[in-house]
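Counting starts at 1 for both ligands and their atoms, following the listed order. The chain is numbered in sequence order, starting from 1. Worth knowing before you read on, the calculation uses all heavy atoms, side chains too, and leaves out hydrogens, waters and symmetry mates.
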Amino acid sequence: MNRKKIVFANWKMNLDRVRISKFLEELLNLKFNSDKVDIVIAPPLVYLSDTLNKVSLSEVSVAAQNTFYEHNGPYTGEVSVDMLKDIGCTWVMIGHSERRQHLLETNEMINKKVLLATQNGLKVICCLGETYEERRQGKTFSKILDQLKRALREVDEKHLSNIVIGYEPIWVIGSGKAAELKDIKEAHGFISEELKNMYPKSKQLPRIVYGGSVDSNNIGEIINLNNVDGVLVGSASLDCEKFCDIVIKTEYSND
Ligand code: PGA
């Protein structure tokens, strides 16, 4: 299936106002074909409005790195879908492994967030992936399937085109070495088949992006794999030159 590619920059808890400003100035000079590739930047929460203002006249979109699963109320420190929409944010990341690990996010919480975000018109990138131990024990596919099914529980088919699945094998995140191409291909093929099984009638299944030590050297091979619709970039997205290189190589990848 030919689908538009997508490149996410996940800045995590990095950069500051000055560096973000410089990055965006550089990024906005990049000539890219928005019919071929979507760019989505996920800055730290406090820089969300600033980033949105700076890219407002461009084809670049902005994602929050998280949201909460209630509309409002006594949830100190949390930010709602309504608030994100209020400032013009159109995307949200849900279920990143660092949040599952450090903030103890469960599949149930992730599902509630996916439901609320999609029902209220936000686009979602929902992340999943196995640990090294799970891969070693041959549990990769059962883990991925469990996370996928539980994250998308009760999600209406009409919202599937607003969802991107981010496959991120946990042990390669931030390691400087991406997963083996054959493992990426296999996992993406598996997710793609399972999505077809889950939604046999849907014509607009979620795109599937790979994340985990993507850089300007390995992007060319990764992006041309079957069922890889884009990438989620952490470390390499902090450097605008590297990030732009990844975007351009994605734009010029085979369909
Ligand atoms: P990385 O991070 O590119 O630094 O491995 C990816 C991610 O966690 O989304």
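- Scanning all protein heavy atoms for the shortest distance to atom 2 (O) of ligand 1 gives K12 NZ, 3.2 Å.
- The protein heavy-atom contact nearest to atom 3 (O) of ligand 1 is G234 N, 2.8 Å.
- Remark: D38 engages R207 in a salt bridge, criterion side-chain N to carboxylate O under 4.0 Å.
- Looking only at protein heavy atoms, the nearest one to atom 9 (O) of ligand 1 is E168 OE2, 2.7 Å.
- Between F8 and W91, the distance separating the two ring centers is shorter than 6.0 angstrom.
- Here the closest non-hydrogen pair linking V155 and A151 is CG2-O, 4.2 Å.
- Using a non-hydrogen distance threshold of 4.0 Å, A236 does not register as a contact of ligand 1.
- Distances below 4.0 Å separate heavy atoms of G174 from the following atoms of ligand 1: 1 (P), 4 (O), 5 (O).
- Within the listing of ligand 1, atoms 9 (O) sit less than 4.0 angstrom from a heavy atom of L232.
- Ion pairing of E105 with K113 is present here, as a side-chain N (NZ or NE/NH1/NH2) and a carboxylate O approach within less than 4.0 Å.
- Ion pair R135/E130 flagged as a salt bridge, since at least one NZ, NE, NH1 or NH2 atom sits closer than 4.0 Å to an Asp/Glu carboxylate oxygen.
- Contacts with ligand 1 closer than 4.0 Å are made by side-chain heavy atoms of N10 only, the backbone lying farther away.
- Side chains of Q65 and L48 form no contact here, defined as non-hydrogen atoms less than 4.5 Å apart.
- For ligand 1, the polar-atom distance check finds an N/O of S235 within less than 3.5 Å of one of the ligand's N/O atoms.
- The ligand atoms of ligand 1 that sit less than 4.0 angstrom from a heavy atom of G212 are 5 (O).
- The atoms of ligand 1 that sit less than 4.0 Å from any heavy atom of S213 are 1 (P), 3 (O), 5 (O).
- When the ring-ring contact (aromatic ring centres under 6.0 Å, His included) test is applied to H159, no partner is found at least two apart in sequence or on another chain.
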